[in-house]
Amino acid sequence: MSVIAVVGAQWGDEGKGKIVDLLAEKVKAVVRFSGGDNAGHTVINPYGEFKLHLMPSGIFHQGVICIIGNGVVINPAVLLEEIDDLQKHGVDTSHLFISDRAHLIMPYHILLDGLEEERRGRGALGTTRKGIGPAFADKIARLGIRTSDLLNKEGFQSRLSSVLEFKNAMLTKIYNTPPLSLKEIYEQYCHYGERLAPIIQDTGSILQEMVSRKESVLLEGAQGAMLDPDFGTYPYVTSSSPLSAGSSLGSGMNPRQIDNIIGVFKAYTTRVGSGPMPTELKDETGELIREQAHEYGATTGRPRRCGWFDAVAGRFSVQINGFSGIALTRLDILDIFDSIKICTGYKLDGDKIDHFPSDIATLDKCQPTYEELPGWQTSTTDIRGLKQLPPQARHYIARLEELLSCPIDIISVGAKRDQTIMARQVV
Ligand code: IMO
Ligand code: MG
């Protein structure tokens, strides 16, 4: 039995969905622990191709309990749509539960996310505009509404009424926009509550019972380490912690119960939204990676910024997450290149540095220094064993392991479940 956390190690979109879908068959529960429907986890399996936003990527495995943990902010409209869509595709969702402690995304959160982005103008963060920031801000400001509130209509009405009074004052007086209707939101959310009531549970207790029965659990992250509010490129970050530490806070498993932490890295780097990205390539190589890998956001459709692997950010990510191993995804995208670069340090005002700076003004001045490795220029998509990989690809992987001081346990060479090389068993 083991508890394993699978987390994003870069700027999100590392391919966490595929890795979780793959490992889920070995566990009894999969738990999403942070973020909200800003996430877009692409899963391709015998049921079809899915872009999951809130649903744990273990949902395709019937015997696996899927939990949306207390650390997630839930937009009930998006969740219900996702449930309906999966059911339409023949996927059973009766093994899904949501935490009674999870906070809800309310209509004013979505509105305020957009209004704040407009107000920032040229300094916009490039959020997904799904209301994530405002919902987490309300959680901390103690103004949040939780799933369990939907189970007590009277209490919900009085809480919503007091919160909405404040939100409407903001909307009308600060942003000069019309107020929202208490009646409409109340009725809409009561309707959501009726549909969701059977699956709102004390999910932390369910997990503790599973662990006491020695059943394996997988904790599924969203976003990536460099979007963490504390350690990422603040303020160009998301609003909940995507780090391994967040997997404990957002699920109800305590830190000592987590046995393995897998960091998911893409074989190169992407970022969607604004903020520093030292290895971004604004040239035809960046364009080539984007087109080759179809790097467009699963949630917003925006083109992702692309560049070479950043081992400085990577090392920092290994340190703050404490990875026991790495899943390296999309290695096959590098199949076409005759040479491949890895950023091993930054140049800052003429000096070489090898740590990841804490402030964006410094990061903006950092120039990547690269090490160049020979490419393999042959397809890896049908390879299933480490030894069958071309020597140049093995060299690339070994160099990343060395730079990151962490073993690479899983290598993905395509979107399908079986397009995977398992260098070591992780569950
Ligand atoms: P997955 O789980 C990539 C980015 C947004 C924006 C910043 C803040 O698919 O890896 P937010 O809406 O969270 O307030 O936006 O964070 N962002 C992501 N980028 N993958 C994600 O999720 C992301 N979720 C948020 O683009 O820059
Ligand atoms: Mg994504």
Side-chain angles (χ1 to χ4, degrees), residues 5-21 30 32-44 49-57 68-69 71-75 78 82 105 109-117 120 123-139 219-229 231-243 246-247 250 263-266 269-277 280 293-306 313 317 327 329-330 360 412 415:
V6 175
V7 303
Q10 295 158 310
W11 275 276
D13 301 323
E14 300 91 348
K16 297 175 286 290
K18 154 157 180 179
I19 301 298
V20 173
D21 174 57
V30 174
R32 257 290 299 273
F33 66 76
S34 66
D37 63 306
N38 48 351
H41 295 178
T42 304
V43 177
I44 300 176
E49 176 170 345
F50 300 88
K51 292 190 192 311
L52 305 176
H53 301 291
L54 278 166
M55 192 65 72
S57 303
I68 300 180
V72 177
V73 285
I74 299 176
N75 180 334
V78 172
E82 233 169 275
I105 293 190
H109 292 138
I110 300 167
L111 206 55
L112 288 165
D113 198 353
L115 288 166
E116 268 299 285
E117 279 290 82
R120 290 183 198 110
L125 306 178
T127 76
T128 58
R129 297 185 179 225
K130 303 287 179 188
I132 308 297
F136 278 114
D138 273 1
K139 173 176 174 174
L219 308 174
E220 175 182 5
Q223 290 80 54
M226 309 319 290
L227 291 170
D228 180 73
F231 295 102
T233 50
Y234 191 86
Y236 296 95
V237 292
T238 190
S239 299
S240 64
S241 178
L243 302 180
S247 72
V264 187
F265 281 92
K266 242 180 232 183
T269 307
T270 65
R271 175 166 198 168
V272 60
S274 314
M277 173 181 165
E280 179 174 15
H294 197 72
E295 291 290 358
Y296 293 87
T299 300
T300 57
R302 292 176 291 178
R304 295 181 186 138
R305 301 152 66 193
C306 300
S317 180
T329 62
R330 313 218 69 180
I360 53 165
S412 174

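As the structure lists them, so they are numbered: ligands from 1, and atoms in each ligand from 1.
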Practice task
Among Ile110, Ile74, Leu54, find the residue that satisfies the side-chain contact (heavy atoms from CB on, under 4.5 Å) test when tested with Ile105.
Solution key: Ile110
Handout entry: Interfacing atoms of ligand 1 (cut-off 4.0 Å, heavy-atom, Gly40)
Key = 1 (P), 9 (O)
Exercise for the section: Answer yes or no: does an N/O atom from Glu14 fall short of 3.5 Å to an N/O atom of ligand 1? Expected result: no
Exercise for the section: Check each heavy atom of Leu125 against ligand 1 and say whether those closer than 4.0 Å belong to the side chain, the backbone, both or neither. Expected result: backbone
Fill in the blank from the handout: A student checking ligand 1 against Gly12 at a 4.0 Å heavy-atom cut-off should list atoms 3 (C), 10 (O), 20 (N)
Practice task
Using a 4.0 Å heavy-atom cut-off, say whether Arg271 meets ligand 1 through its side chain, its backbone, both or neither.
Solution key: neither
Practice task
Within a distance under 4.0 Å of any heavy atom of Ala39, pick out the atoms of ligand 1 and give their elements.
Solution key: 1 (P), 2 (O), 9 (O), 22 (O)
Practice task
Run the numbers on Thr233 and Arg271 for side-chain contact (heavy atoms from CB on, under 4.5 Å), then give the verdict.
Solution key: CA-CA 12 Å; Thr233 50; Arg271 175 166 198 168; 3.1 Å; yes
Exercise for the section: Output yes when a side-chain donor or acceptor of Ser274 lies under 3.5 Å from a complementary backbone atom of Ala124, and no otherwise. Expected result: yes
Problem - Sub-4.0 Å heavy-atom contact, Gly126 with ligand 1 - result: yes
Exercise for the section: Using a 4.0 Å heavy-atom cut-off, say whether Trp11 meets ligand 1 through its side chain, its backbone, both or neither. Expected result: backbone
Practice task
Please say whether more than 12 non-hydrogen atoms of neighbouring residues, nucleotides or ligands are located less than 6.0 Å from OH in Tyr296.
Solution key: yes
Problem - Closest to atom 20 (N) of ligand 1 (judged by heavy-atom distance), picking from Asp37, Asp13, Thr238 - result: Asp13
Handout entry: Heavy atom of the protein closest to atom 12 (O) of ligand 1 (residue, atom name, distance)
Key = Thr128 OG1, 2.6 Å
Handout entry: Residue Asp13 atom name (nearest to the Mg ion (ligand 2); N/O/S)
Key = OD1
Problem - Heavy-atom check, side chain of Gln10 versus side chain of Thr270, under 4.5 Å - result: no
Handout entry: Gly40 N/O/S atom closer than 2.8 Å to the Mg ion (ligand 2)
Key = yes
Exercise for the section: Under 4.0 Å from a heavy atom of Ala222: give me the atoms of ligand 1 that qualify, with their elements. Expected result: 2 (O)
Practice task
Apply side-chain contact (heavy atoms from CB on, under 4.5 Å) to the pair Val30 and Met55, showing each step before the final yes or no.
Solution key: CA-CA 10 Å; Val30 174; Met55 192 65 72; over 6 Å; no
Handout entry: Evaluation steps, side-chain contact (heavy atoms from CB on, under 4.5 Å), between Val6 and Glu220
Key = CA-CA 5 Å; Val6 175; Glu220 175 182 5; 5.8 Å; no
Exercise for the section: Could you list the atoms of ligand 1 found under 4.0 angstrom from a heavy atom of Lys16? Expected result: 1 (P), 2 (O), 10 (O)
Exercise for the section: Identify the residue among Lys18, Glu14, Arg330, Lys266 that makes a side-chain hydrogen bond (donor to acceptor under 3.5 Å, both in side chains) with Ser412. Expected result: Lys18
Handout entry: Heavy-atom nearest neighbour of atom 25 (C) of ligand 1 within options Arg302, Met226, Gln223
Key = Gln223
Handout entry: From CA spacing to verdict: side-chain contact (heavy atoms from CB on, under 4.5 Å), Val7, Phe33
Key = CA-CA 10 Å; Val7 303; Phe33 66 76; 3.7 Å; yes
Completion exercise
In this structure, atom 15 (O) of ligand 1 is nearest to the protein heavy atom Thr127 CA, 3.3 Å
Problem - Close-contact set for ligand 1 against Leu227 heavy atoms, below 4.0 Å - result: 4 (C), 16 (O), 17 (N), 18 (C), 19 (N)
Practice task
Name the closest protein heavy atom to atom 8 (C) of ligand 1, giving the residue it belongs to and the distance to 0.1 Å.
Solution key: Val237 O, 3.4 Å
Problem - Residue selection (non-hydrogen contact nearest atom 2 (O) of ligand 1) among His41, Arg304, Lys51 - result: His41
Practice task
Any chance you could measure Tyr236, atom OH, to Leu227, atom CG, to the nearest 0.5 Å?
Solution key: 13.0 Å
Problem - Test side chain to side chain donor-acceptor pair (under 3.5 Å) applied to Thr127 and Asp113, step by step - result: CA-CA 8 Å; Thr127 76; Asp113 198 353; 3.0 Å; yes
Problem - Enumerated ligand 1 atoms positioned under 4.0 Å from heavy atoms of Val272 - result: 3 (C), 5 (C), 19 (N), 26 (O), 27 (O)
Exercise for the section: For Ser241 and Asp228, indicate whether the former's side chain and the latter's backbone hold a donor-acceptor pair under 3.5 Å. Expected result: no
Fill in the blank from the handout: All heavy atoms of Gly273 vs all of Arg302, minimum pair found to be CA-NH1, 3.8 Å
Problem - Part of Thr300 with heavy atoms under 4.0 Å of ligand 1, whether side chain, backbone, both or neither - result: neither
